[in-house]
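Report on one structure; see the data block that follows.
The model shown is predicted, which means the values in this text are computed figures rather than measured ones. Below, each value reflects all heavy atoms present in this structure, side chains not excepted, and no hydrogens, waters or symmetry copies.
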Amino acid sequence: MSTMIHGVPITADPALTWEEINAIVAELVRTWTWEGRNLGKIELISDGQLVHVCSYEKPDIQFFPLRNKDTKE
């Protein structure tokens, strides 16, 4: 099942309840925001008694202008 929670794309195992998914995602978003990182996506995989959480950081892209060869400095 795929959805968006707090603006983050989530892929979750159908065995998980919405309450479990929301609790895990809310904690991840809070922790990542506190650390100053941006969540790109989250995958939640149920494995019996455990939930594997795969969280991916949103890439940070910066653009720098190239110098024009015709201008003199």
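- In this structure, the salt bridge (charged side-chain N to carboxylate O under 4.0 Å, His left out) partners of Glu27, at least two apart in sequence or on a different chain, are Arg30.
- Thr3 pairs by the side chain to side chain contact (heavy atoms under 4.5 Å, CB included) definition with Ile5, Ile10, Trp18, not counting sequence neighbours.
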Donor-acceptor pairs under 3.5 angstrom involving side-chain atoms of residues 38-53: please list them, not counting sequence neighbours.
unit_1	atom_1	unit_2	atom_2	d
Glu43	OE1	Tyr56	OH	3.4
Asp47	OD2	His52	NE2	3.4

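- Residues satisfying the side chain to side chain contact (heavy atoms under 4.5 Å, CB included) criterion with Thr17, sequence neighbours excluded, are Glu19, Glu20.
- Under the side chain to side chain contact (heavy atoms under 4.5 Å, CB included) test applied with His6, the options Thr33, Val25, Asn22, Leu28 reduce to a single match, Val25.
- Residues Ile21 and Met1 have side chains in contact (heavy-atom distance under 4.5 Å, counting atoms from C-beta outward).
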